[in-house]
**Student:** 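My structure is below; once you've seen it, I'll send some questions.
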Amino acid sequence: MDFRKIANEFKTPTYVYDQNKIEKNYQKLYHAFSSHYKNFKIHYAVKANPNPAIIKILLDQGAGVDCSSPGELEAALRAGTKKENILYTGNYESQEDLSQILNADIKFNLDDLTSFERLLEIRKTDFVSFRINPGMGKGGHEAVVTGGTDAKFGIPYEKAFEAYKIAKEAGVQRFGLHMMTGSNNLEPYFFREAVEKLMEIGGDIFNRLDIKPEYVDIGGGFGIPYTEEDVYLDVELLGRLVCEKFTKKLDEYSLGRPQLLIEPGRYLVGNAGILITSVTGVKESYRTFVGVDAGMNTLARPALYQAIHRVSTPYNSGPTRKMNLCGQVCENADIFAKNLDLPKNLKEDDLVLLHDVGAYGFCMSSVYNGRPRPAEILINSDQSKLIRRRETIEDLFQFYP
Ligand code: LLP
């Protein structure tokens, strides 16, 4: 990639995505599961990168989507997603959220029985799926563990029978089953264990109520390596372990062959994004700091989760020294990396790249400190296309009366 050319044309900071990588990630994950279980579909978790151009790439590969808010639902619709390919998984869904779900006529995984009660106040439904907290969770950081006793998500599994029973009594005839136990998990055996637990919880409920699930959605959470030390998640092994356990449990509870769904975000788009930044200043203080024109406002993950993103300097090399890489925001949390070996000859306007920012990058950016958000570019072969223009200072004032 000619980063200098992109920087000259679109300025910096700019998010750049590689279409080819997204397509490869999808194919790899799809085959890892579908070769072991035929009735399988991937619903891309739009929250990871809701740019409609990115959603469109995944739709063209055959994916559906999973949305977590009316705004994400709108992004999916704008990308051209057909309603039968849209799932909605929210959290503490409001009456307004639920109305939008019902109006859109899409499938949904409800976060709680109380969500179902709110939904019934709007309209009767013949379909319901509940998100179950299977009592276990795992993630790359404690903030992204979404199952287990500290998680705010889902119905505790001990209460799940009651929820399905009430739904059946309310006239529901079609059912789904859902869980999502954490994000950025690199451990295939954990997923197998969680699937086993979910299927035992669900199998018991479905048998006792004499109902069958249309689908079982085991969520996303498949991790990617961010550092040289991280292992790769072996998705072939993951697909085999999960599908074998899933099929075994289906047979044990005589549940037929419902659709198996997964909702990955990070695995599909994470490694396909690079953030191009320019050096704004190099300072000799008690440490050496390299300031760039992106910060925690542009990429929040390091400040929020102490996340590490690999850094490279495509046009500088030679002897290095230890430097701290930071943004321009007026907070000391605005440091991307400490004690990095960076080329001594780095100076103003040189380019610094932050890697693996395709997931939870742009979508978590803000206009903090009055900095408009960056542009987003999509690269396909060697064509680059603007898929979201850089915001301007003028844009920041459009909401004031
Ligand atoms: N499905 C549901 C219901 C979810 O809540 C999530 C992510 C996903 C699917 C997709 O998970 P993935 O495959 O991307 O791990 N901002 C954090 C990650 C938060 C994930 C929240 N839920 C980060 O930057 O690491």
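Hydrogens, waters and symmetry mates play no part in the numbers below; they use all other heavy atoms, side chains included.
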**Student:** For the pair Tyr30 and Phe40, name the ring-plane relationship: parallel under 30°, tilted 30 to 60°, perpendicular over 60°.
**Tutor:** tilted

**Student:** Could you please spell out the steps behind the salt bridge (charged side-chain N to carboxylate O under 4.0 Å, His left out) verdict for Lys249 and Glu252?
**Tutor:** CA-CA 5 Å; Lys249 290 290 163 189; Glu252 218 171 292; 3.3 Å; yes

**Student:** Examine the side chains of Asp112 and Ser115 and answer whether a donor and an acceptor come within less than 3.5 Å of each other.
**Tutor:** no

**Student:** Any chance the rings of Phe130 and Phe175 have centres within less than 6.0 Å?
**Tutor:** no

**Student:** Please tell me whether Glu331 and Tyr368 have a donor and an acceptor in their side chains that are separated by less than 3.5 angstrom.
**Tutor:**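 There is such a pair (donor and acceptor under 3.5 Å, judged by atom type) between the side chains of Glu331 and Tyr368.
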
**Student:** Is it true that the side chains of Arg240 and Ser35 contain a donor and an acceptor less than 3.5 Å apart?
**Tutor:**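 No, because no side-chain N or O of Arg240 sits under 3.5 Å from a partner of the opposite role on Ser35.
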
**Student:** Please report the shortest heavy-atom distance between Gly370 and Pro372, naming the atom on each side.
**Tutor:** O-CD, 3.5 Å

**Student:** For Phe206 together with Tyr253, are the ring centres under 6.0 Å from each other?
**Tutor:** no

**Student:** Would you sort out whether Asp341 and Lys322 count as a salt bridge (charged side-chain N to carboxylate O under 4.0 Å, His left out), showing the intermediate values?
**Tutor:** CA-CA 5 Å; Asp341 288 310; Lys322 300 274 182 218; 3.1 Å; yes

**Student:** Between Lys197 and Glu200, does any NZ, NE, NH1 or NH2 come within less than 4.0 Å of an OD or OE carboxylate oxygen?
**Tutor:** no

**Student:** Checking Asn109 against Tyr215 for the side-chain hydrogen bond (donor to acceptor under 3.5 Å, both in side chains) test, could you report, in this order, the C-alpha distance in whole Å, the side-chain angles of both residues, the deciding distance, and whether it holds?
**Tutor:** CA-CA 11 Å; Asn109 300 308; Tyr215 68 77; 2.7 Å; yes

**Student:** Verify the ring-centre separation between Tyr315 and Phe3: is it less than 6.0 angstrom?
**Tutor:**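 Between Tyr315 and Phe3, which both carry aromatic rings, the centre distance is not below 6.0 Å.
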
**Student:** Relative to each other, are the rings of Tyr400 and Phe397 parallel, tilted or perpendicular (30° and 60° limits)?
**Tutor:** tilted

**Student:** Indicate whether the side chain of Asn91 and that of Lys152 have a donor and an acceptor atom separated by less than 3.5 Å.
**Tutor:** yes

**Student:** How close do Pro188 and Leu237 get, heavy atom to heavy atom, and via which atoms?
**Tutor:** CG-CD2, 3.9 Å

**Student:** Can you list everything that forms a side-chain contact (heavy atoms from CB on, under 4.5 Å) with Arg208? Sequence neighbours excluded, please.
**Tutor:**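 Applying side-chain contact (heavy atoms from CB on, under 4.5 Å) to Arg208 gives Phe161, Asp204.
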
**Student:** So, Arg389 and Asp395, do they make that salt bridge, N to O below 4.0 Å?
**Tutor:**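 Between Asp395 and Arg389 there is a salt bridge, with a charged N closer than 4.0 Å to a carboxylate O.
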
**Student:** With a cut-off of 6.0 Å (strictly less than), are more than 12 heavy atoms of other residues, nucleotides or ligands near CD of Gln306?
**Tutor:** yes

**Student:** Determine, for Lys41 against Glu84, whether the closest basic-nitrogen to carboxylate-oxygen distance falls under 4.0 angstrom.
**Tutor:** no

**Student:** Could you please spell out the steps behind the side-chain hydrogen bond (donor to acceptor under 3.5 Å, both in side chains) verdict for Thr14 and Arg390?
**Tutor:** CA-CA 8 Å; Thr14 289; Arg390 179 177 307 287; 2.8 Å; yes

**Student:** Classify the side-chain pair Asn271/Asn25 by whether it contains a donor and acceptor separated by less than 3.5 Å.
**Tutor:**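 Yes.
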
**Student:** Given the rule in the salt bridge (charged side-chain N to carboxylate O under 4.0 Å, His left out) test, do Glu169 and Lys165 qualify, once you have shown the distances and angles that lead to the verdict?
**Tutor:** CA-CA 6 Å; Glu169 284 163 5; Lys165 181 166 170 278; 3.4 Å; yes

**Student:** Are side-chain N/O atoms of Asp293 and Thr280 paired as donor and acceptor at under 3.5 Å?
**Tutor:**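 Not at all, the side chains of Asp293 and Thr280 share no donor-acceptor pair under 3.5 Å.
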
**Student:** Relative to each other, are the rings of Phe108 and Phe127 parallel, tilted or perpendicular (30° and 60° limits)?
**Tutor:** perpendicular

**Student:** Would Lys5 and Asp382 satisfy salt bridge (charged side-chain N to carboxylate O under 4.0 Å, His left out), going step by step from the backbone distance to the final call?
**Tutor:** CA-CA 12 Å; Lys5 188 161 162 258; Asp382 46 8; over 6 Å; no

